[in-house]
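In what follows, a single structure is set out as C-alpha cells and then discussed.
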Amino acid sequence: MTVFNTSTSRARASATLLGCTMLAGVPLAATAQTRPAPRPATAVQATTPPGQQTTATPAIQQPAARAIASLRVDGTQRIEPETALSYTKLRQGDAYTNETLDQAIKDLYASDLFADVTIDGASTGNIVIRVRENPIINRVIFEGNKRLKEDKIGKEVRLKPRQIFTRSAVRADVTRIVELYRRQGRFAATVQPKMVSLDQNRVDVIFEVSEGPKSKVRQINIIGNEVFDDGKLRAQMATKEARFYRLLSSGTSYDQDRLAYDQQKLRQFYLTEGYADFRVTSAVAELTPDRKDFIITYVVEEGPRFKFGDVTVDSDIRDFDGKKLAAGLPIKKNDWYNAKMVEDTVDNLSETAGLFGYAFSDVAPEFQRDRETLTMSINFHIGQAQRTYVERVDITGNTQTQDKVIRREIRLGEGDAFNSFQVKRSQDRINSLGFFQDKFEIKQTPGSAPDRVLLEANVEERSTGQLQLSAGFSSLERFIIQANITQNNFRGKGQTLSAGVNYSTYSKSLQLGFTEPYIFDKNIALGVDVFRRDYNAFNFVGNNRNTTYSQVSTGFQVRTGVPLTEYWQLAGRYQFSYDEVGLDENSFYTNNECDPLKAGRYLCDSIGNRITSSVGYSLIFDSLNSRLRPTAGQRFVFSQDFAGLGGDVKYIRSKLDFSKFVNIGSGFIGSFVGEGGYIKSLEKSRGEGVDRIRINDRFYLGEPQFRGFDIRGVGPRVQRRYYTTDGTTGNQVLVTDREQLIDDALGGTAYYLGRFELEVPLGSGARELGLRPSIYAQFGSLFNITRPRPTAVFPTTTDANGNTIVLPLPVKDTAGNPLYSYVNAVGLAVPTTCAAGIPNGNGGCNGIVPNSPQIASQPFDERFLGNSARPRVSVGIGVNWNSPFGPLRIDLAKALVSQPGDDRKLITFNVGTQF
C-alpha cells in the first residue's frame, strides 16, 4: 500500500481496518468507533449509528420536558450549521426530552454526513450539538486486481472521489466487487478495504483484492437417471466438467445462472425424447473443502415415456380447414412424443396464419394425457383473429445508414395487407446488406386498432468497412501480399467503394471500384471498375528465378443490374482492356526475335499486344438468407461474355456458379459450392499447335479457389527438364528436383470445381474467441487446350554400353550446316563450319585440331502435362478466427488425387480487419 504521509497519526490511520469480506461476501462487523471520555452527567451520549457498535454511557434520566433556550452546532467544516440542524426536529423554543435528543442523534447519523455526534446542555436547555464530519474521498484505489480491469470495477462501485466517505458505502462496494468476481467464477476472491487519512479531513480508500483461482466444476453427478447415462445427459448441459482438453471452454467455470439453464436443457432433452413427466427435483452446487472447485449434483425423475395420440386442429378463423391443416402436420399418431415438434407446429401454424394476413393469431396446443395408454393427444386451437394491415414501419438505431437504404429492402409498405412471408423476406434482405447485427429481426406490435400492426426495424449498426491483408508463401513465388480496402456503406447510402493492391513476384495490380445499388432511387444498380494488372510468370532453374512472360492489362468495366422478380436478377456489363503480353528480350530473344529454345514455342506464339472489347450478362437467382454468412438458401449464376465488339479478340465465355447452404441443426452448417466454365473461340486457326484462345484469356485453377494446390497449380502446363550426368553411375539422366525444372502453366478453356463443406460448432468459449472451424472436400479440373508444338528435336547417339545419349542442339548457319569455333592468332573465337582445323578459303578445311561446336541449347526433355478432365481431389480443415488484429483464415489441405504436373500446397492463410 502506498504511504501518503509518514507521520505517526497517519500511519496509525492507514492501518485501520474498515471491514473484511470473505468467500461468501458477508463483511465482518465494523470495528467499534472510539468515543471520547464520558462527559458530566448533563451530557447525552451518542447512540449507536446504524450499522455500528458504540460504547456509550446510558443517558441520565431527566424530569419533565423543558424548552430549548439556545441551540448551536459545533464542529462543522464543510457543512453549514443550519444544514446540520435541518436533519433534526430540534428547534429553539421547542420542548425536548432525552428521547427527542436521542432521536436527533439518530437522524444526524442517518444522514451519512457525520462520523461522530454528541449533545451537551441537556440539563440547562442550552443545547450544543457537537459533530465530527465524515471525511471526503480523495481517491479510490484498487490493488491486486489483474483479471478485472480497474475501469470495469470502477463502474460498479459507488464510492467516487469528492464524495463523502461512509462505512456502509464501503461495505456495499466490497459486496459489489466480490459479486463481480463471482460472475467470473472466482468464488475464493476476497476484498480488504483500507483507509489512508489525509489532511483537510480527506481520505484515500484502498480496496485490496485477492482474486484467487477461478472456481471450476470438478464433477457433475446425476442421480435418478435410468434411461440415459450420465455422459449423454452431461452433453446436453452448457456447464462442463473441468478437463485438460477444455482449456478454451468457458463452460467449465461455475455459474449460478448456468445451473438454472442446464436444468432447463435437461428438461428440454427429456421432453424431446417423450418423457413428458420429467422433472429435476433438486440441483445442489457444493464448494469443495479447498474452496477451489464445485461439485454439482442433480436429482431427476424421468417418468414414463409417452407417444402421440390423436392430433387435430380446430380453427375459429373461417379461412382455415382444420382437417386439411392436421393432415399436413409433421406430428403423426403413435410417434414418440416430442415437445420440440409441438413448438415447431405452433410456429408453423402461426406463420401460415400470417401468410393470410393474420398477424396476431393465437395458436394454443391443448393436451390430453392418458396415463393408462401413455399417449398424449393434442388439439391445436387457432383462436379468432382479425386480418391485419401494416399501419406503420418504424426504423430505429441507424445512426449512419439512411432510412431509405433500409426501407427499400422492406417488402411491405404502409397500408399493405400483413404477410409473414414478406416480413421474413425483408429480414433476409436487410441481413444480406451486411450493415447491421447478425440475426436481425423485424418485430410486430399491435397498432392503433385491432386490425393494424406496426413493423419495428430496430437495427444495430456495425463496421461496414473491410481492410483485408492476405499473405502466403509458395515454393515458386515466395512471399505474396495483397491489400484490399472496401467500404460497403459509403456515406450511409449503401454505396460500395473499393480499392485493391496486389504485390508479389507473381503479380502486381491496382483496382478501383464504385457501385450505386439504386441509381436515382430506382431499383437499378450501376457500377464502374478501373484496373491495371501486371502479371509475371516465372520459373526456377537451380536457385535462380527466371521470368518467362509478362502480361499487363489496363482497362475499365461498367456494370448494371435490374431485378426481374424477388429472387431473379439480370446483370449486364461492358469491359474494355488493352493487354500486353511480352518476354524479356535479354533472356528470350535472339536476333531481335523470340527464341523458342529459350522461351518455349508456346510462349513465343502468345506474345503481342491486343485490345479486348466485350459485352456480357449474368442471370442470377439468390435466395440466401445472408450474403456474408449464409446458413440457408441457394444461389445460381449463369454468365456469358462476348468478346468481339471491336478489338482484336473474339470469343464467347460461359460460366456457371451454384451454391447451396443447409442448416443441419445443432449449429452444423452444410454447404455445396460448384462452378464451371467454357470458352469458345470465334477466330480462325492461328497455326498448328497454337490454341485459338490466347494465354491471357484462359481459365486458371489453384489457390485460393482450390485448396491443396498452389496458385495456377492445376491444369495444362509445359515442364522442361534438362539432362545432367549422374555423379554415381556417370549415365545421362533427367533432373528430378522440382525447383530445378521449368514449369509454365498454360491455363485451359474448360474447368469445373466443387466443394462440400461442413462448418462445425464449438463450445461457448471458442465462440467467444470467434473460432469457426470447418472440414471440406474439393474436386475439380482444368483442361482442353491444343497441344503445343515441340520446341526442338535433339540429336542422339549411342555410347559403348548401348545407352542413348541426347546431344546438345548445335547452332547452324543459313544453309543448315553446324557451326564451330576456333581461336585465331589474336585470341578471338571465330565461327566456322569446319569441325576441325581452319577454313582454307576454297570451301575446305586445313588441320586436324578439333574445333568447339557452338551450342544452341543444352539437351532437355519437354513434356506437356495436366490436360486432363479427370478430377483432382483434396480434403482439409480450415478455421476462421476473429482475432484481435482482424479476421484470420487458416487452411490445412491435402491433395489426395492429382495429375502429373500439378503443383501441391499444404498450408495457406489470410488475414484482414474491419472498420
Side-chain angles (χ1 to χ4, degrees), residues 217-241 246 249 251-252 254-286 294-314 325-351 362-382 663-668 761 763-764:
V217 176
R218 182 178 299 179
Q219 187 175 342
I220 300 177
N221 300 320
I222 304 175
I223 301 174
N225 54 310
E226 298 178 357
V227 180
F228 301 102
D229 59 30
D230 290 4
K232 181 74 171 179
L233 298 182
R234 291 193 194 104
Q236 311 303 318
M237 303 178 189
T239 303
K240 304 297 181 182
E241 293 178 330
R246 294 191 177 123
S249 175
T252 58
Y254 175 74
D255 189 317
Q256 180 67 32
D257 295 334
R258 196 184 294 130
L259 191 67
Y261 175 75
D262 287 340
Q263 295 180 57
Q264 184 63 24
K265 291 289 290 182
L266 283 176
R267 176 165 174 77
Q268 290 177 357
F269 171 73
Y270 270 94
L271 288 177
T272 58
E273 296 294 332
Y275 295 89
D277 292 336
F278 172 83
R279 67 192 185 101
V280 179
T281 58
S282 71
V284 179
E286 297 176 304
F294 278 88
I295 297 176
I296 300 175
T297 303
Y298 295 96
V299 179
V300 302
E301 290 183 4
E302 292 177 324
R305 193 178 189 186
F306 284 80
K307 289 186 175 182
F308 283 114
D310 294 328
V311 181
T312 58
V313 178
D314 73 90
L325 288 175
L329 296 182
I331 299 176
K332 303 302 179 183
K333 187 175 182 179
N334 292 325
D335 286 348
W336 290 113
Y337 174 76
N338 188 325
K340 182 64 169 57
M341 293 184 65
V342 176
E343 293 178 4
D344 293 343
T345 301
V346 171
D347 293 339
N348 291 337
L349 290 174
S350 298
E351 186 173 338
D362 180 21
V363 180
E366 300 170 346
F367 298 92
Q368 185 174 357
R369 186 175 318 196
D370 190 333
R371 297 189 179 278
E372 293 183 0
T373 60
L374 295 180
T375 58
M376 184 81 71
S377 299
I378 305 176
N379 175 61
F380 294 95
H381 176 73
I382 304 176
N663 191 339
I664 300 175
S666 300
F668 289 90
S764 57

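Side chains included, hydrogens not; waters and symmetry mates left out as well; all remaining heavy atoms used.
Annotation: the span from Glu301 atom CD to Tyr275 atom OH amounts to 14.5 Å, rounded to 0.5 Å. For the atom pair Ile378 CD1 and Arg369 CZ, the distance stands at 10.5 Å (nearest 0.5 Å). Once rounded to the nearest 0.5 Å, the distance linking CE of Met341 with NZ of Lys332 reads 9.0 Å. Atoms CD and CG, on Glu351 and Asp344 in that order, are 11.0 Å from each other to the nearest 0.5 Å. Rounding to the nearest 0.5 Å places CZ of Arg218 at 11.0 Å from CZ of Phe294. Here the CG atom belonging to Leu325 is positioned 11.5 Å from the OG1 atom belonging to Thr345, to the nearest 0.5 angstrom.
The closest side-chain heavy-atom distance from Leu271 to Phe278 is not below 4.5 Å. Taking 4.5 Å as the limit, some side-chain heavy atom of Tyr298 sits within range of a side-chain heavy atom of Leu259. Here the side chains of Leu349 and Leu329 are in contact, with some heavy-atom distance below 4.5 Å. Between Leu374 and Lys307, the closest side-chain pair of non-hydrogen atoms is not below 4.5 Å. At a threshold of 4.5 Å between non-hydrogen side-chain atoms, the residues Arg305 and Glu273 count as touching. Side-chain contact between Trp336 and Asn338 is absent, with no heavy-atom pair separated by less than 4.5 Å. With a 4.5 Å cut-off on side-chain heavy atoms, Arg371 and Asp277 count as touching.
Remark: side-chain polar atoms of Lys240 are paired, donor with acceptor, to backbone N or O of Arg234 under 3.5 angstrom. Judged by distance alone, with hydrogens and angles left aside, the side-chain atoms of Gln264 form no donor-acceptor pair with the main-chain N or O of Ala260 at under 3.5 Å. Side chain of Glu241 to main chain of Ile220: a donor-acceptor pair is present (N/O by atom type, distance under 3.5 Å, no hydrogens or angles). Here the side chain of Asp262 pairs a donor or acceptor atom with the backbone of Thr239 at under 3.5 angstrom.
Closest heavy-atom contact between Ser377 and Gly309: OG-CA, 3.7 Å. Thr272 and Phe269 get closest at one heavy-atom pair: OG1-O, 2.6 Å. Residues Val363 and Ser350 come closest through the heavy atom pair CG2-OG, 3.5 Å.
Side-chain polar atoms of Thr312 and Asn379 form a donor-acceptor pair below 3.5 angstrom.
Aromatic ring centroids of Phe228 and Tyr270 lie under 6.0 Å apart. Checked against the 6.0 Å centroid criterion, the rings of Tyr337 and Phe306 do not qualify as a close aromatic pair.
Crowding of Gln368 atom CD: a count of heavy atoms from other residues, nucleotides or ligands under 6.0 Å not exceeding 12. The environment of Phe367 atom CZ is dense: over 12 non-hydrogen atoms of other residues, nucleotides or ligands sit within 6.0 angstrom.
Under the side-chain contact (heavy atoms from CB on, under 4.5 Å) test applied with Val299, the options Asn225, Thr281, Val280, Ile222 reduce to a single match, Thr281.
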